[in-house]
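Residue numbers start from 1 in every chain, and the chains themselves are labelled A, B, ... in the order their sequence lines are given, proteins ahead of strands.
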Amino acid sequence: MLKNYLMVAFRNLLKHKLYSAINIAGLAVGLATCVLILLFVRNETTHDRFFTDADRLYQVVIRAQLPGRQADNVAATMLPLAAALKESFPEIEKTARVVQSPTVFKRGDDSFSETVRLVDPDFFRMFDFPFLRGDRMTALDEPNGIVLTESMAKKYFKDSDPLGQTLEVDGAEPAKVTGVISDMPSDTHFDLEIIRPYAAGAAALRGLETNWGGICCETYLLLKPGADAAAINARLPAWIKTAAPTLNSPQGSINLGEIFTPRIRNVKDIHTDPVQSSMRPSTSYAEILTFAAVAVLVLAIASINFMNLATARATQRAREVSVRKVVGASRGQIIMQFIGESLMLTLIGLLLSIALVELALPAYSAFLDKELTFNLFTDPLLGPALLGLALVVGVAGGAYPAFFLSSFNPARVLKGASSGVGGGSGRLRMTLVVVQFAISIALMVATAVVYGQLLYAQNKNLGFDKENTVILSGFPRGADRERQQTLANSLAKLDGVASAAGTDVTPGDGNEINTNVRMPGADPNQLLVLRQATVDWDYVKTLGLQLVAGRDFDRSRPADQLIFPPQPAPGAAPPADNAERPVHSGSVILNEAAVKRLGFTSNEDALGKEFEAGGGASTLKLTIIGVIADFHFRSVHDPIAPAMFYVDNGSFSDMLVRIKGGDTQKTLAAVERVWRDMYPTRPMQREFLDTRIENLYVREAKTSQMFATFSGLAILIACLGLFGLASFTAERRTKEIGLRKVLGASVLDIVRLLVWQFSKPVLVANLIAWPAAWYFMDRWLNGFSFRIDLNPLLFVAAGGLALLIAWATVGLHAARVAQAKPVTALRYE
Amino acid sequence: MLKLVDLVKAYRTEEVETTALNSVNIHVRDGEFVAIMGPSGCGKSSLLNIIGMLDTPSSGQYWFNGEDVSTYGERKLADIRKKNIGFIFQSFNLIDELTVFENVELALLYHDIPARERKERVKAALAKVNIGHRESHLPQQLSGGQQQRVAIARAVVAKPKMLLADEPTGNLDSANGDEVMRMLTDLNAEGTTIVMVTHSMPHAQYATRIINLFDGQVVAENLRAA
């Protein structure tokens with residue numbers, strides 16, 4: 001019996017080549033798309049599972065609620081937190097902090113700036129990264145030790161064995177290689193290349209070691225077996241209020257425990273819980289779910305093709321079904337036969353889709369920058385998962401046709417050609433086409449909105465001029481301000497340079513420093529916190545910021561600059577809370593958000609007003625001399641923080657250089673020469689501001705490209721189905737078309753007839769797609785602080801495009817049928 | 001073999017009810033060859049569909065081998081049909097995708113008969129209707145008469161007790177029609193009960209009894225001497 005079923009199915013497949021090709025191609029593309037998406041989803045949801053103790057490894061996240069600001073979540077903490085947690089929570093077995101530390105290494109005459117991660121000694125005892133050389137348990141025991149990834153080891157030591165060799169470090173003791181680990185795999189949140197013991201950089205961090213306000217390191221915990229993370233999380237908010245100190249200053253008291261609330265999260269959840277982090281960018285469950293939904297929709301479209309084409313062809317199979325019934329087949333047997341056929345087609349589609357996935361995987365992996373694996377032989381879950389997928393699609397797609405086909409009344413079918421086949425399925429077919437096109441139109445709208453928002457973010461007027469601006473960094477730690485000033489002046493004199501200005505704050509970086517301020521006469525209990533930025537005289541000009549009231553800083557007015565006494569030596573005790581603080585006066589420029597935050601009625605109202613701000617060991621008395629329009633410090637996803645800008649006599653971390661158009665390469669070479677003259681031992685690091693801003697959206701750009709590709713495939717599969725359906729309809733209506741032509745219809749009349757028949761479902765599809773797409777995309781856009789509005793024209797355009805695609809698909813076919821001689825059509829029956 | 005008592009078949013649409021069969025009483029004994037005649041629309045096919053258990057009556061009784069099957073469900077009817085009844089149609093109704101051999105074999109596939117026995121029986125059935133030499137051809141490669149012979153082979157291969165033929169010669173020329181009728185007569189002679197609907201008086205003459213239907217009622221029964 002099975003042989004007979006297979007034979008009939010196979011011969012049908014060969015006989016109706018177009019139908020088979022459409023079905024198999026649709027299923028193959030649909031399944032391949034689905035598999036590719038699911039590989040991505042699997043990778044995204046299985047990060048950091050390879051650590052032996054992954055279940056017990058946690059990271060601390062801080063929720064920072066600064067007064068007047070939206071709460072911010074950061075995967076970073078203050079340095080003293082780890083030890084305090086370990087002391088208070090007996091459930092914690094080990095802790096390890098990770099601090100970023102820019103370091104310059106030398107090899108011969110070459111210098112290299114690298115990002116070193118300083119980690120506590122237990123780090124590798126908690127995270128069992130595979131060690132290619134050296135001993136994981138002791139690699140960080142020596143204070144001058146250094147652990148490199150394979151790539152870094154190759155970079156510095158070529159092919160020689162790096163273990164035990166030394167690396168010269170600028171301004172410090174040489175480091176001795178104590179271990180080599182594999183490069184970070186794609187399924188971890190860690191972004192490590194060079195790891196050193198905390199002790200190697202402890203001196204520079206001394207001031208932060210007791211500072212509960214400085215968020216500067218990742219903190220990881222290993223909980224004891226059986227420890228309850230939820231219980232720890234429940235206790236943390238109350239605990240931090242007692243553990244963190246209250247800072248008293250003339251500008252008011254701040255209990256840091258009120259501002260910073262820690263929580264812990266399992267390492268396996270880090271990648272899908274997006275918060276700001278210095279490690280690799282994370283994703284969100286919403287995004288993963290969106291892609292999973294696209295996978296399901298694509299498969300649904302392919303299954304609908306199958307259902308539609310199978311029921312459309314019902315008349316051709318009606319006689320076979322009836323004969324089988326007459327010779328004794330039960331309905332159940334016929335249902336099983338057709339579901340079996342559907343499974344056979346799906347399995348052929350699956351085989352093709354495996355080939356498609358293999359073909360697409362290298363480019364896809366490269367695009368996503370992930371190591372996605374697809375190996376049926378080494379992955380025990382993959383084979384069963386694929387078969388399961390085929391089974392679901394085969395049964396889902398085959399069930400309706402099977403029930404429909406098996407319901408024929410054999411007496412009527414066998415008497416006359418096809419009178420036993422009900423006409424109701426035509427309506428259902430059109431309903432399914434409506435569903436397909438509704439999905440396609442909604443995906444088109446979604447793609448357009450995602451792209452629109454991305455373009456908006458990339459091109460939004462950020463409030464500064466991102467073109468032709470270079471950010472220089474790589475200054476030695478505690479650089480000399482005078483030398484930096486000389487550098488800025490020398491750079492500004494270069495032919496190709498318009499201006500140069502040092503700063504601690506360049507747009508796009510994650511650093512921020514906040515301080516509490518007090519308005520004269522204001523309620524001392526009202527906490528006002530502003531973001532503070534120390535900048536250079538020409539900061540406003542160099543960044544192209546827009547001054548909306550008052551004036552810019554002016555070198556000729558000494559009162560514009562805050563002059564601080566030299567910094568106390570590292571390790572010196574901070575002044576007591578009640579100590580008399582020296583007062584320093586100077587000028588300040590606010591952004592508009594700060595003007596509002598401080599309660600001024602207008603920008604002009606703020607000019608000339610004074611306020612006090614905390615300035616470490618001193619109090620700042622600041623006079624507002626100007627207001628600049630709000631600009632984005634980070635991506636447009638983040639709201640703009642109220643901020644103040646002042647010029648002081650401290651050193652800068654970065655130098656902004658605005659270059660003139662023209663020979664950029666020549667100018668950059670000149671800039672580098674000036675830098676080398678000033679800092680011969682420090683390699684200059686250079687980044688274009690517009691590149692940095694673009695990089696903020698890399699992930700979104702990839703997401704939108706992926707979304708667009710998969711939507712395109714969904715539409716392609718839907719069109720395949722429509723083409724098949726149109727061809728069957730034309731075939732079924734051959735006699736009608738012939739008669740119409742005999743009665744005087746032109747080719748155009750016939751084409752119009754068929755095209756209109758298929759336009760109706762597409763038009764109806766809009767009615768479903770538009771509100772659904774509007775609802776979901778509006779919700780999606782609400783996740784951005786700055787978003788585009790949904791444009792109704794976009795929806796109309798998507799609907800119109802779908803209609804055009806449908807016309808093109810059906811029209812070609814209709815034209816061919818309509819041009820046939822009517823006599824051929826009439827002979828058909 | 002079968003007995004119809006006060007059998008009624010009515011078709012309802014939203015507006016009208018059409019009575020196809022009205023109080024029909026027919027008794028067919030084992031081994032009979034009955035021809036049913038009558039003008040188009042008189043209910044011949046409706047009657048044959050009910051006898052063949054492809055349709056169920058609206059009221060009345062249908063006794064088949066001593067069982068009243070008029071209230072049986074589709075599954076049970078399919079089972080009785082499979083074991084007892086073979087069909088021959090005017091339009092042959094062969095499956096285009098299957099060869100002659102496979103078309104005939106289809107009737108045995110639902111009977112759990114081992115492959116070897118199936119092969120033997122199919123070959124014997126094809127030989128009986130003189131079409132054995134075309135067993136690997138597809139239906140469209142055969143003439144109408146040849147196709148109907150294949151259909152007869154398919155109808156008899158499962159050795160049904162009763163053969164229902166719905167205008168078996170309607171699509172054939174007279175030579176081929178006569179040939180088919182001779183085959184049916186031979187089968188009847190071997191003991192198979194045959195009920196045949198036909199328009200053709202000459203072909204009806206092959207039967208042992210002719211029942212005339214008009215407007216859904218039996219109007220005459222002529223017993224013929226064999």
Return yes when atom [atom1] of [X] has more than 12 non-hydrogen atoms of other residues, nucleotides or ligands closer than 6.0 Å, and no otherwise.
| X | atom1 | answer |
| --- | --- | --- |
| K159(B) | NZ | no |
| M344(A) | CE | yes |
| Y11(B) | OH | yes |
| Y72(B) | OH | yes |

Segment of R331(A) engaging chain B (4.5 angstrom heavy-atom cut-off): neither
Pairwise side-chain contact, M7(A) with T99(B), heavy-atom cut-off 4.5 Å (strictly under): no
Can you tell me which portion of [X] sits under 4.5 Å from chain A's heavy atoms? Options are side chain, backbone, both or neither.
| X | answer |
| --- | --- |
| A107(B) | both |
| L108(B) | neither |
| D55(B) | neither |

Chi angles and distances behind the side chain to side chain contact (heavy atoms under 4.5 Å, CB included) call for E320(A), L98(B): CA-CA 10 Å; E320(A) 178 199 332; L98(B) 297 179; over 6 Å; no
Chain B interface, residue from A329(A), S322(A), S330(A) that has the most non-hydrogen pairs under 4.5 Å: A329(A)
Criterion side chain to side chain contact (heavy atoms under 4.5 Å, CB included) on F87(B) and V327(A), from CA distance to verdict: CA-CA 8 Å; F87(B) 290 85; V327(A) 299; over 6 Å; no
Backbone N/O of K325(A) and side chain of R81(B): donor-acceptor pair under 3.5 Å: yes
Pair V323(A)-R154(B), side chain to side chain contact (heavy atoms under 4.5 Å, CB included): steps then yes or no: CA-CA 10 Å; V323(A) 169; R154(B) 182 179 66 190; 3.2 Å; yes
R319(A) to L94(B) - nearest heavy-atom pair and separation: NH2-O, 3.4 Å
Full working for side chain to side chain contact (heavy atoms under 4.5 Å, CB included) between R317(A) and I95(B): CA-CA 9 Å; R317(A) 301 294 295 270; I95(B) 297 175; over 6 Å; no
